[in-house]
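In what follows, chains carry the letters A, B, and so on, assigned in the order in which the sequence lines appear, proteins first and then strands, with residues in each chain numbered from 1. Heavy-atom basis, side chains included; hydrogens, waters and symmetry copies ignored.
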2 protein chains.
Amino acid sequence: MKYIEKLRNSGLRPTKQRLQICEVLFDTKQTFHFTINDLAKKIKDQLDNRISLATIYNTVHAFEKKGYLKQIPINSNQTYFDTNISDHHHFYDLNEEKLIDLENSDVGPINIKRKINGKKIKSVEVLVKLED
Amino acid sequence: MKYIEKLRNSGLRPTKQRLQICEVLFDTKQTFHFTINDLAKKIKDQLDNRISLATIYNTVHAFEKKGYLKQIPINSNQTYFDTNISDHHHFYDLNEEKLIDLENSDVGPINIKRKINGKKIKSVEVLVKLED
DNA sequence: ACACCTTTTTAGAATCATTATAAAGTAAAT
DNA sequence: ATTTACTTTATAATGATTCTAAAAAGGTGT
Ligand SMILES: [Mn+2]
Ligand SMILES: [Mn+2]
Ligand SMILES: [Zn+2]
Ligand SMILES: [Zn+2]
């Protein structure tokens, strides 16, 4: 019930599937990073009914477009998403292939001195790769 | 002839294909960004003989492993590589889907204050997304 | 409730970048 | 020259993602 308004306000119909995906994604103490496959597993575990993979893809992309999820730029065969939509950065542990949040406050202010004509900055993201 | 030593020193046999790919990649005034497909096109245009796609993949990965190429972390269905292996950053023009180098000197020094136990920092990369 | 229209879900097929396979070719070592 | 290890290649396989089109569900007005 708590996500019905959120979806309506975004012009998305609050379907049973979308509401359930909202619960899996946003009813958590901690934000988290996931691939579509991670999410599909989580949904299968946490819910009694199944949701088709196509719907999971559709929903994740819809939520991303609306700004409820962010994509994390990283080199992987799978796309990583983040339920933490605040401005922040990431560690990427190359050995464990795991993402770790790096808060804005843990990185000095980033000053982009160069401008590109006619373009404005949409985001500034730092990726710190870690190894043992 | 100029890449034979480079390859030998890396433990890579200087085959005809690898030497030709070296020429396409490194015999340029400017460094550049590319996908495997870009590179395959370039090879077809610049060379008289053809090189199989499998070899292009193999070679690019071998060169990356040896540090002659870098992968650029970005969300795309294709993997982007960079012949500029210096420490540097990138603009990504979302509208034109184009990468632009952003020199280290164009970004203030980045100070990662948080440490992860037992891990050391391998790289720090900034991605600045641009829109119109 | 019902009719009507739009959006959404779904199974399954298609796409396409990338990786795997295994046989033939080449470079290096003995 | 023979042997050995590495490399190239055509081709198949893989797997994440997107597409398709038909069925289901939501929303609106009556
Ligand atoms: Mn991707
Ligand atoms: Mn990729
Ligand atoms: Zn995050
Ligand atoms: Zn670059």
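- Contact annotation: A/Arg8 reaches the phosphate of D/dG27 (side-chain N/O to OP1 or OP2, under 4.0 Å).
- Atoms CD1 (A/Ile21) and P (C/dT9) sit 7 Å apart, rounded to a whole Å.
- Taking for each of B/Tyr80 and B/Lys16 the nucleotide of DNA chain C with the nearest heavy atom, the 5'-most of the two is the partner of B/Tyr80.
- Closest approach of A/His90 to A/Leu102, counting heavy atoms only: N-CB, 3.9 Å.
- Taking the side chain of B/Leu53 as heavy atoms from C-beta on, and the options C/dT9, C/dT18, D/dA10, the nearest nucleotide is C/dT18.
- Listed nucleotides C/dT19, D/dT18, C/dA28 differ in distance to A/His61; the shortest reach to its side chain belongs to D/dT18.
- The CG atom of A/Asn77 sits 11 Å away from the P atom of C/dA20 (whole-angstrom rounding).
- Protein atom CG of A/Leu39 is 15 Å distant from nucleotide atom C1' of D/dA16, rounded to whole Å.
- A close approach under 4.0 Å does not occur between any side-chain nitrogen or oxygen of B/Gln17 and OP1 or OP2 of C/dT26.
- Distance CD1 (B/Ile51) to C1' (C/dG25): 15 Å, rounded to an integer number of Å.
- You won't find any donor-acceptor pair under 3.5 Å spanning the side chain of A/Arg18 and the base of C/dT8, going by distance alone.
- For A/Lys6 and A/Tyr68, the positive end sits near the middle of the six-membered ring, less than 6.0 Å away and at most 45° from its axis.
- Within the nucleic acid shown, B/Asn58 comes within 4.0 Å of at least one base atom, counting heavy atoms only.
- For the pair B/Asn37 CG and C/dT19 C1', the computed distance is 15 Å after rounding to whole Å.
- Atom pair B/Tyr57:OH and D/dA13:P shows a separation of 18 Å (rounding to whole Å applied).
- Geometrically, B/Lys122 does not engage A/Tyr92 in a cation-pi contact, judged by NZ or CZ lying under 6.0 Å from the ring centre and within 45° of the ring axis.
- We find that CD of A/Gln20 is positioned 13 Å from C1' of C/dT9, with the value rounded to whole Å.
- In this structure, A/His88 and A/His33 have parallel ring planes: the angle between them is below the 30° cut-off, well short of the 60° mark.
- Remark: B/Glu96 engages A/Lys119 in a salt bridge, criterion side-chain N to carboxylate O under 4.0 Å.
- Between B/Leu19 atom CG and C/dA27 atom P there is a gap of 10 Å when expressed in whole angstrom units.
- Across all strands shown, A/Thr15 has heavy atoms under 4.0 Å from sugar-phosphate atoms exclusively, and none from any base.
- The side chain of A/Arg13 has D/dG26 as its nearest neighbour among D/dT8, D/dT7, D/dG26.
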